Every structure is written in C-alpha cells, then in structure tokens.
Amino acid sequence: VQLQASGGGLAQTGGSLRLSCAASGRTFSSYSMGWFRQAPGKEREFVAAIIWSGGRRFYADSVKGRFTISRDNGDNSVYLQMNSLKPEDTAVYYCAASRGYGSQKRSEYDYWGQGTLVTVSS
C-alpha cells in the first residue's frame with residue numbers, strides 16, 4: 001500500500017482544514033487507517049484511527065470533539081476533518097495503514113505516507 005497525504009496548510013486559531021490520504025492498491029479496504037502527527041522537537045503521536053469498515057473510530061483525547069476521521073473505500077481514501085484548530089495542533093500529519101483493529105500504536109502500522117504540514121496561527 002502506498003499512501004499520499006495532502007491538504008495541509010496554514011489556518012487561524014478556530015479555523016478548519018481537511019486532510020486527505022489517497023491509497024494505492026486493491027487491498028485498501030482490508031486495512032485500518034490512522035492519522036498521526038509530529039510537532040517540532042516532539043515524538044510522533046496518535047491522532048485518530050478508523051477500522052476497515054468505517055464502523056469504529058478512535059481519537060486521541062486532545063482532538064476528541066474537534067477532529068473527525070472518515071474513509072471512502074470505493075475511492076481508496078481516508079480523511080481527517082479538523083475543526084476548532086488550536087496552535088498546539090501545528091505539526092506534520094501522517095496517514096498510515098495497519099492490519100490491526102484501529103490501533104493507537106505507531107508500531108502496529110505497516111505503511112506510512114510522506115506527511116503534510118499543518119500550521120495554526122494564534
């Protein structure tokens with residue numbers, strides 16, 4: 001599976017952005033998909049995950065109620081709608097694919113996209 005993330009950019013505090021991740025390969029629908037982020041000087045952290053069917057979603061406490069993960073298996077894509085953005089959301093965002101069940105652990109993700117930068121100004 002090859003992943004290509006896009007949609008990052010500059011937003012103001014309280015604003016919104018929508019990230020997209022396009023996947024290649026016919027087995028996309030068999031993978032759970034996740035979004036992680038890495039801020040400067042910090043470790044990569046879990047943001048959100050969605051199982052293969054879209055029937056279960058998982059979120060980090062820091063983004064619950066503000067971010068929504070979704071997927072379109074027909075289009076081999078996963079999305080991250082980010083609302084009520086805060087300066088602390090500034091990071092490079094990565095999409096990833098896992099054979100697990102919506103894992104929050106980096107080590108359980110087999111494939112990673114290249115990352116897209118989100119900058120939130122105060």
Side-chain angles (χ1 to χ4, degrees):
V1 178
Q2 291 186 318
L3 304 172
Q4 180 77 33
S6 62
L10 178 64
Q12 292 185 332
T13 296
S16 298
L17 283 174
R18 187 186 192 222
L19 305 184
S20 299
C21 178
S24 65
R26 294 175 293 176
T27 59
F28 172 78
S29 61
S30 65
Y31 287 87
S32 289
M33 297 297 297
W35 286 96
F36 288 74
R37 67 186 181 187
Q38 188 166 16
K42 295 187 177 181
E43 291 195 355
R44 195 172 298 186
E45 64 175 7
F46 170 77
V47 175
I50 186 168
I51 66 169
W52 65 273
S53 67
R56 285 289 310 272
R57 308 176 193 197
F58 306 87
Y59 296 95
D61 288 343
S62 58
V63 306
K64 275 181 185 174
R66 300 188 300 122
F67 291 10
T68 302
I69 188 170
S70 61
R71 68 188 295 161
D72 183 341
N73 286 343
D75 201 30
N76 278 13
S77 295
V78 62
Y79 306 98
L80 186 68
Q81 178 67 43
M82 305 186 296
N83 298 329
S84 302
L85 283 164
K86 304 176 180 179
E88 50 264 43
D89 294 320
T90 295
V92 177
Y93 283 71
Y94 299 88
C95 60
S98 168
R99 299 177 191 273
Y101 188 81
S103 174
Q104 300 184 26
K105 298 179 180 179
R106 289 166 49 190
S107 60
E108 295 191 8
Y109 284 80
D110 305 297
Y111 303 97
W112 292 83
Q114 87 291 358
T116 185
L117 176 63
V118 171
T119 303
V120 183
S121 62
S122 58

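Along the sequence shown, the residues carry numbers beginning at 1. Source: prediction; values computed, not measured.
- The OG1 atom of Thr68 sits 10.5 Å away from atom CZ of Arg18, with the distance rounded to the nearest 0.5 Å.
- The heavy-atom pair separating Ala5 from Gln114 by the smallest distance is O-NE2, 2.9 Å.
- Side-chain N or O atoms of Asn73 include one that pairs as donor or acceptor with a backbone N or O of Trp52 at under 3.5 Å.
- No donor-acceptor pair under 3.5 Å is formed between the side chain of Ser32 and the backbone N or O of Arg99.
- At a threshold of 4.5 Å between non-hydrogen side-chain atoms, the residues Pro87 and Thr13 count as touching.
- Here disulfide bond (SG atoms under 2.5 Å apart) pairs that include residues 22-59, with residues two or more places apart or in two chains, number zero.
- Residue Leu85 comes nearest to Leu17 through the heavy atom pair CD1-N, 3.9 Å, listed as atom of the first residue, atom of the second, then distance.
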When you look at Asp89 and Met82, which way does the side-chain contact (heavy atoms from CB on, under 4.5 Å) test go after all the steps? CA-CA 9 Å; Asp89 294 320; Met82 305 186 296; over 6 Å; no
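- Closest of all the heavy-atom pairs between Ser77 and Ala22 is OG-CA, 4.2 Å.
- Using a 4.5 Å cut-off on side-chain heavy atoms (C-beta onward), Arg37 and Val63 make contact.
- Counting only heavy atoms from C-beta outward, the side chains of Tyr94 and Arg106 never approach each other to under 4.5 Å.
- Taking the charged nitrogens against the carboxylate oxygens, Asp61 and Lys64 do have a contact shorter than 4.0 Å, which makes a salt bridge.
- Tyr59 pairs by the ring pair (Phe, Tyr, Trp, His ring centres under 6.0 Å) definition with nothing, not counting sequence neighbours.
- Two different hydrophobic clusters hold Trp112 and Leu80 under the rule that ILVMFWY side chains link at heavy-atom gaps under 4.5 Å.
- Ser29 contributes atom OG, which lies 7.0 Å from atom CZ of Arg71 (distance to the nearest 0.5 angstrom).
- The line from OG of Ser70 to CE of Met33 is 11.5 Å long, rounded to the nearest 0.5 Å.
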Passes side-chain contact (heavy atoms from CB on, under 4.5 Å), Phe67 versus Trp35? Steps please. CA-CA 11 Å; Phe67 291 10; Trp35 286 96; over 6 Å; no
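- Heavy-atom minimum distance, Phe28 versus Val78: CZ-N, 4.3 Å.
- Figure legend: Arg56 and Tyr101 shown without cation-pi pairing, the cationic atom not lying both under 6.0 angstrom from the six-membered ring centre and within 45 degrees of its axis.
- Looking at every heavy atom in both residues, Gln81 comes nearest to Ser16 through NE2-CB, 3.9 Å.
- Ring geometry for Tyr109 versus Phe36: interplanar angle over 60°, hence perpendicular rather than tilted (30 to 60°).
- Formation of a donor-acceptor pair under 3.5 Å by the Arg44 side chain with backbone atoms of Val92 is not found in this model.
- Considering every non-hydrogen atom in both Val47 and Tyr93, the closest pair reads CG2-CE2, 4.3 Å.
- Linking Ile, Leu, Val, Met, Phe, Trp and Tyr residues whenever their side-chain heavy atoms come within less than 4.5 Å leaves Tyr31 and Tyr79 in two separate clusters.
- In terms of hydrophobic clustering, with Ile, Leu, Val, Met, Phe, Trp and Tyr side chains grouped at heavy-atom distances under 4.5 Å, Leu3 and Ile69 are assigned to a common cluster.
- Ile51 and Tyr111 fall into different hydrophobic clusters, where Ile, Leu, Val, Met, Phe, Trp and Tyr side chains are chained together by heavy-atom contacts under 4.5 Å.
- Atom CD of Glu45 has more than 12 neighbouring heavy atoms from other residues, nucleotides or ligands inside a 6.0 Å radius.
- Atom CD of Gln12 has 12 or fewer neighbouring heavy atoms from other residues, nucleotides or ligands inside a 6.0 Å radius.
- Both Leu19 and Val1 belong to a common hydrophobic cluster when Ile, Leu, Val, Met, Phe, Trp and Tyr are linked at side-chain heavy-atom distances under 4.5 angstrom.
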